[in-house]
Undergrad: 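The structure under discussion is supplied below as structure tokens; questions concerning it will follow.
Whatever order the structure lists ligands and atoms in, that order sets their numbers, starting from 1. Predicted model only: the values in this text are computed from it and were never measured.
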Amino acid sequence: TQSTRPQRLLGAVKKNATRGDPRSVVKAIDQFCRQKEWAMNVGDEKGCILDSVVSELNPATVLELGTYCGYSTVRIASMLPPHAKLITLEFNPDYAAVARQVIAWAGLEDKVQLVEGASGDLIPKMSEQFEVETFDLVFLDHWKDRYLPDTKLMEECGLLKKGSVLLADNVICPGTPEYLEYVRASPRYESQYFRSHLEYTKVEDGLEKSVFLG
Ligand SMILES: O=C(NCCCCc1cc2ccncc2s1)c1cc(-c2ccc(F)cc2)cc(O)c1O
Ligand SMILES: [Mg+2]
């Protein structure tokens, strides 16, 4: 049977990256996506912005919505302090299966908990099922029309505290207009747009960083 793009991406990681070396995994994926096949990873340009937000925040608890092949999972987890935890949600079981292997290849399985399911179902169960009170950082990279409802859900479930940071991918392309309008207009958030490009292209895209003010 034909392989899928995520499976081919995983093959490139196993072929070109060193086990236990997260930076080589990130490099191998970026090379595959530039030279062989485009894939919807946050990519190297926006990835540098993601890195700077993570290193500045030094989060102890991170929630990622949308794992895909685990590229941003590896980028974030490789920068976390020793006892920090990253929970990442993926809806598509085929993506999840590839992501688990990419995360393992990077040697980061102890820092990452990949949970399969829909964000709308899992977010209300976070505190009880995953023993987490609040998240210091949330990286939104899943269905673009779920960014706003899931943000409201996280507020309602008490998963955000004063200082929690929401970092949203693709706010221009494919675009998340309702989410942008909400976080930019709400007195409960301090928002900042980081202009960049859609991964591996010259198309404009960017990340929106929104600090929850409590
Ligand atoms: O759809 C994108 N990303 C979400 C995939 C949906 C996966 C989900 C995960 C999950 C977890 C929990 N609950 C529900 C869900 S749904 C996406 C698309 C493009 C793009 C841009 C230009 C194009 F021409 C074509 C694609 C670029 C990107 O960076 C993306 O992130
Ligand atoms: Mg994205």
Undergrad: Could you tell me whether Tyr68 and His142 have their ring centroids closer than 6.0 angstrom?
TA: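 Tyr68 vs His142: aromatic centres not under 6.0 Å.
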Undergrad: Residues around ligand 1, heavy atom under 4.0 Å from any ligand atom, sorted by chain and number. Can you pull those?
TA: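 For ligand 1, the contacting residues are Trp38, Met40, Gly66, Leu89, Glu90, Phe91, Gly117, Ala118, Ser119, Asp141, His142, Trp143, Lys144, Asp169, Asn170, Cys173, Pro174, Leu198, Glu199.
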Undergrad: Is a donor from one side chain sitting under 3.5 angstrom from an acceptor on the other, for Asp44 and Tyr200?
TA: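 Side-chain D/A pair, Asp44 to Tyr200: absent.
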Undergrad: Are the side chains of Leu140 and Leu166 in touch, meaning some heavy atoms are under 4.5 Å apart?
TA: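 They are in side-chain contact.
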Undergrad: Under 2.8 Å from the Mg ion (ligand 2), which protein N/O/S atoms are there?
TA: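 Those protein N, O or S atoms (cut-off: under 2.8 Å from the Mg ion (ligand 2)) are Asp141 OD1, Asp169 OD2, Asn170 OD1.
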Undergrad: Give the C-alpha distance, both sets of side-chain angles, the deciding distance and a yes or no for side-chain hydrogen bond (donor to acceptor under 3.5 Å, both in side chains) between Gln31 and Lys36.
TA: CA-CA 8 Å; Gln31 239 166 1; Lys36 299 282 188 333; over 6 Å; no
Undergrad: Taking the six-membered ring of Tyr182, is NZ or CZ of Lys152 closer than 6.0 Å to its centre and within 45° of its axis?
TA: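 Yes, Lys152 sits over the ring of Tyr182.
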Undergrad: Whether the Ser3 and Arg8 side chains hold a donor-acceptor pair (N or O, under 3.5 Å, no angle test) is what I'd like checked.
TA: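 Yes, Arg8 and Ser3 have a side-chain donor paired with an acceptor closer than 3.5 Å.
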Undergrad: Does Ile123 share a hydrophobic cluster with Tyr147, counting links as ILVMFWY side-chain heavy atoms below 4.5 Å and allowing steps through other members?
TA: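 Hydrophobic grouping puts Ile123 with Tyr147.
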Undergrad: Quick one about Ser72 and Glu64 (side-chain donor to acceptor, distance below 3.5 Å, no hydrogens or angles considered), yes or no?
TA: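 A pair is found: one side chain offers a donor N or O, the other an acceptor, under 3.5 Å apart.
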Undergrad: Quick check on Tyr189: does its OH atom have over 12 non-hydrogen neighbours (other residues, nucleotides or ligands) under 6.0 Å away?
TA: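 Atom OH in Tyr189 is packed in, count exceeds 12.
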